[in-house]
Amino acid sequence: MAVGATEPVNADGTRLHGNPQPVSRNTVTTGISLAAGLLLLAGCSSGGQTGQAAQDTTETGTSSSTSSDAGVSLPERTAPAKSLDLADPCTIITQQQATKLGVNQPTEARTSNGKEGCDYQKGKAGSDNGWVMFAAADPNRTTQEFADKRPSGKITEVADYPAYQVENYHGCLLAVDVTASGSLFINGVTRLQTRPEACSVATEFAETAVENLPNT
């Protein structure tokens, strides 16, 4: 490959099949920054498909500190508990709501790190703009457990529910405390040439999903 050229990448950092295209040194630097930024988020998904939100991991870019070590103490949830029982993971956000949020690609149900969820995508896979948001009703891990593994994140709030988010320049992990036994989970990645704040988009998806989840 010639100096000053790089192979295009998808939102998840995987290679896009095709011939390399010449780019500027600034783009090379940006690509390096993207690779470093995605250390927080793994670019793998079930089935090896591209253009999907990164898979959530507890090992990459995170800590295994316990709650006492990390000092993470989420506020008490006062809003009604939500049910995480969904027959179809893509009903967590309806098609009409997704379009309003900016989704312009077909939604796709998939499993990420044991979570049954749905990908919501703006921009085609392999393009240089847009984002991918993976939304899941996670019945197996609470927001407190999520926070205890990631002491570098911050406590926030989504639609009157305690939440915890971890972000970097290109991605965001967000867990919302909607029930004592699990959580609402959003994993978002922005693409190479656009810089929308991933957590800002993820929060909009989380707020919409919270409204859709029924009270228990």
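Side chains are part of it too, since the values below use all heavy atoms of this structure and drop only hydrogens, waters and symmetry mates. Keep in mind that this is a model prediction, so the values were computed, not measured.
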Worksheet item: Can you check whether Thr216 reaches Thr179 side chain to side chain, under 4.5 Å on heavy atoms?
Response: no
Using side-chain heavy atoms (C-beta onward) and a distance below 4.5 Å, is Phe205 in contact with Val103? yes
Nearest heavy-atom pair of [X] and [Y]: which atoms, and what distance?
X	Y	result
Pro139	Ala137	CD-O, 3.2 Å
Ala175	Ser183	CB-OG, 4.4 Å
Tyr161	Val178	CD2-CA, 3.8 Å
Val166	Gly153	CG2-CA, 3.9 Å
Pro89	Ala109	CG-CB, 3.8 Å
Ala163	Leu174	CB-CD1, 4.1 Å

Under 3.5 Å, side chain of [X] to main-chain N/O of [Y], donor-acceptor pair present?
X	Y	result
Lys115	Ala136	no
Thr142	Glu145	yes
Gln144	Val72	yes
Thr143	Asp177	yes
Asn104	Gly123	yes
Ser83	Pro214	no
Glu207	Glu204	no
Tyr120	Leu101	no
Gln105	Thr107	no

Where do Arg110 and Asp119 land on the side chain to side chain contact (heavy atoms under 4.5 Å, CB included) test, with the steps shown first? CA-CA 7 Å; Arg110 71 179 178 95; Asp119 274 341; 2.6 Å; yes
Across all chains, not counting sequence neighbours, the ring-ring contact (aromatic ring centres under 6.0 Å, His included) partners of Tyr164 are none
*Stepwise side chain to side chain contact (heavy atoms under 4.5 Å, CB included) check, Leu184 with Val210*: CA-CA 8 Å; Leu184 167 66; Val210 166; 3.6 Å; yes
Rounded at 0.5 Å granularity, tell me how far [atom1] in [X] sits from [atom2] in [Y].
X	Y	atom1	atom2	value
Glu167	Glu197	CD	CD	7.0 Å
Leu74	Glu157	CG	CD	12.0 Å
Asn140	Ser181	CG	OG	9.0 Å
Phe185	Ser112	CZ	OG	6.5 Å
Thr203	Ile186	OG1	CD1	9.0 Å
Phe146	Gln165	CZ	CD	9.5 Å

So, Gln96 and Thr99: side-chain donor and acceptor under 3.5 Å apart, yes or no?
no
inquiry  = A quick test of your reading: do over 12 heavy atoms of other residues, nucleotides or ligands sit less than 6.0 Å from CG of Asn215?
reply    = yes
message: Could you go through Gln97 and Asn212, starting from their C-alpha distance and side-chain angles, then the distance that decides it, and tell me whether this counts as side-chain hydrogen bond (donor to acceptor under 3.5 Å, both in side chains)?
response: CA-CA 10 Å; Gln97 291 171 327; Asn212 292 343; 2.6 Å; yes
Give the C-alpha distance, both sets of side-chain angles, the deciding distance and a yes or no for side chain to side chain contact (heavy atoms under 4.5 Å, CB included) between Asn113 and Arg141. CA-CA 11 Å; Asn113 198 26; Arg141 180 162 51 179; 4.2 Å; yes
